[in-house]
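Take a look at the structure below.
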Amino acid sequence: MIDTHCHLDATRFDEDRTLVLERAWAAGLQGILVPGVGPHDWEPLLELSRAEPRLQVGLGIHPQLLPDMTPEEDDAALELLDALLSKGGAIAVGECGLDGPSLPGAPLERQLSVLRRHLALARKHQLPVLMHCHRLHPALIELFKQEALPQAGVLMHSYSGGVELARFYLQKGCHFSFAGPVTWAEARKPLDALRAIPLDRLMAETDAPDQAPTPHRGGRSEPAYLPHILEGMARVRGEPLDEVAQRTTENARRLFREGFPPASR
């Protein structure tokens with residue numbers, strides 16, 4: 001099992017991060033992808049990955065972080081991102097994307113400009129993209145119609161859209177990861193999409209410390225809860241848990257080009 005999206009560097013893990021990882025490995029996880037969300041994260045995340053090969057990282061600027069930066073800082077931050085990606089160590093670009101309908105200090109035009117730069121870097125460095133999209137799918141679809149997507153792929157992180165949106169993203173070659181909401185009783189729209197997406201395009205994530213699955217909903221999520229999410233995915237799709245766990249793991253290894261070490265035997 002590979003958790004394709006876990007904010008392990010979040011302050012909510014500061015007191016027990018070592019124990020969180022011990023529980024993750026004990027639960028059977030073989031790797032965790034930690035997405036950077038802003039320039040202050042990038043160097044510490046690369047150090048984290050160098051110290052533990054089962055922890056891999058993406059580097060990007062989350063749209064919710066843009067209000068913490070002035071527009072004049074965008075160029076310098078993206079140039080630094082380019083330089084770090086050139087040195088290796090990251091297996092993805094992101095987390096990046098769109099968050100809306102609009103954030104103070106981060107109007108849609110700025111978000112789109114920064115996202116275009118991320119896509120260009122992903123094409124340049126031949127890396128997949130960890131894509132965030134909240135309440136701005138029409139804008140993202142329009143961008144995808146205009147912009148060449150990286151050949152390495154795009155992973156729609158914590159997908160929460162419906163079937164029709166999923167069909168468009170599938171046509172564009174995207175992959176999809178699902179998080180804790182697939183286990184929530186009131187979930188409807190993303191479950192319909194989950195049933196319609198081919199198994200070879202699916203992955204699993206915790207998005208920890210957020211979106212904890214049932215039976216931990218309301219508390220802090222952590223990577224050790226990934227089996228609950230896989231159980232939810234298997235139940236919704238009517239497929240054996242072992243098959244869903246194996247295939248989503250294989251998909252993650254393939255998308256991230258064997259960035260995770262093989263499972264110990």
For the [atom1] atom of [X] and the [atom2] atom of [Y], what is their distance to the nearest 0.5 Å?
{"X": "Leu115", "Y": "Leu98", "atom1": "CG", "atom2": "CG", "answer": "5.0 Å"}
{"X": "Asp74", "Y": "Arg117", "atom1": "CG", "atom2": "CZ", "answer": "8.0 Å"}
{"X": "Leu255", "Y": "Thr4", "atom1": "CG", "atom2": "OG1", "answer": "9.0 Å"}
{"X": "Leu21", "Y": "Ile32", "atom1": "CG", "atom2": "CD1", "answer": "5.5 Å"}
{"X": "Asn251", "Y": "Leu199", "atom1": "CG", "atom2": "CG", "answer": "6.5 Å"}
{"X": "Leu19", "Y": "Arg17", "atom1": "CG", "atom2": "CZ", "answer": "11.5 Å"}

Same apolar cluster: [X] and [Y], side chain cutoff 4.5 Å:
{"X": "Leu165", "Y": "Leu170", "value": "yes"}
{"X": "Val93", "Y": "Met131", "value": "yes"}
{"X": "Leu45", "Y": "Met69", "value": "yes"}
{"X": "Tyr225", "Y": "Val236", "value": "no"}
{"X": "Leu130", "Y": "Leu143", "value": "no"}

Examine distances only and state if a side-chain atom of [X] and a backbone atom of [Y] form a donor-acceptor pair shorter than 3.5 Å.
{"X": "Glu73", "Y": "Thr70", "value": "yes"}
{"X": "Trp42", "Y": "Gly60", "value": "yes"}
{"X": "Arg257", "Y": "Ile91", "value": "no"}
{"X": "Ser177", "Y": "Ala204", "value": "no"}
{"X": "Ser113", "Y": "Glu109", "value": "no"}
{"X": "Gln111", "Y": "Asp99", "value": "yes"}
{"X": "Arg23", "Y": "Thr18", "value": "no"}
{"X": "Glu52", "Y": "Arg54", "value": "yes"}
{"X": "Arg217", "Y": "Pro181", "value": "no"}
{"X": "Lys172", "Y": "Phe144", "value": "yes"}

Does the side-chain contact (heavy atoms from CB on, under 4.5 Å) test come out yes or no for Ile2 and Leu33, once each step is laid out?
CA-CA 8 Å; Ile2 292 175; Leu33 178 50; 5.6 Å; no

Side chain proximity check, [X] to [Y], heavy atoms < 4.5 angstrom:
{"X": "Leu127", "Y": "Pro150", "value": "no"}
{"X": "Val57", "Y": "Asp41", "value": "no"}
{"X": "Asp200", "Y": "Arg247", "value": "yes"}
{"X": "Phe176", "Y": "Leu194", "value": "no"}
{"X": "His118", "Y": "Val129", "value": "no"}
{"X": "Phe178", "Y": "Ile197", "value": "yes"}
{"X": "Leu202", "Y": "Arg237", "value": "yes"}
{"X": "His125", "Y": "Ser86", "value": "yes"}

Tested for salt bridge (Lys or Arg N to Asp or Glu O under 4.0 Å) against Arg220, the lone hit among Asp210, Asp207, Asp16 is Asp16

Could you walk me through whether Glu222 and His216 pass side chain to side chain donor-acceptor pair (under 3.5 Å), step by step?
CA-CA 10 Å; Glu222 61 177 78; His216 303 284; over 6 Å; no

Taking every heavy atom of Ala92 against every heavy atom of Leu85, the minimum-distance pair comes out as O-CD2, 4.4 Å

Work out which heavy atom in Ser49 is nearest to a heavy atom in Leu55; give both atom names and the distance.
OG-O, 2.9 Å

Would you please say whether a donor-acceptor pair under 3.5 Å links the side chains of Gln211 and Ser158?
yes

So that I can tick it off, tell me whether Glu250 and Arg253 are bridged by a salt bridge, with the cut-off set at under 4.0 angstrom between side-chain N and carboxylate O.
no

Do other residues, nucleotides or ligands put more than 12 heavy atoms under 6.0 Å from the CD atom of Glu15?
no

Hey, is CD on Glu239 packed in by over 12 heavy atoms from elsewhere, all under 6.0 Å?
yes

For His157, the option from Glu95, Met203, His175 that meets side chain to side chain contact (heavy atoms under 4.5 Å, CB included)
Glu95

So Leu48 and Asp9, side-chain contact (heavy atoms from CB on, under 4.5 Å) or not? Walk me through it.
CA-CA 9 Å; Leu48 190 71; Asp9 56 334; 5.5 Å; no

Could you check whether His137 and Tyr169 have their ring centres less than 6.0 Å apart?
yes

Give the intermediate values and the outcome of side-chain contact (heavy atoms from CB on, under 4.5 Å) for residues Ile61 and Leu78.
CA-CA 9 Å; Ile61 303 171; Leu78 288 159; 4.2 Å; yes

Between Lys189 and Asp192, is the salt bridge (Lys or Arg N to Asp or Glu O under 4.0 Å) condition met? List the steps.
CA-CA 5 Å; Lys189 189 167 61 172; Asp192 292 338; over 6 Å; no

In terms of relative ring orientation, are His7 and His5 parallel, tilted or perpendicular, with 30° and 60° separating the classes?
perpendicular

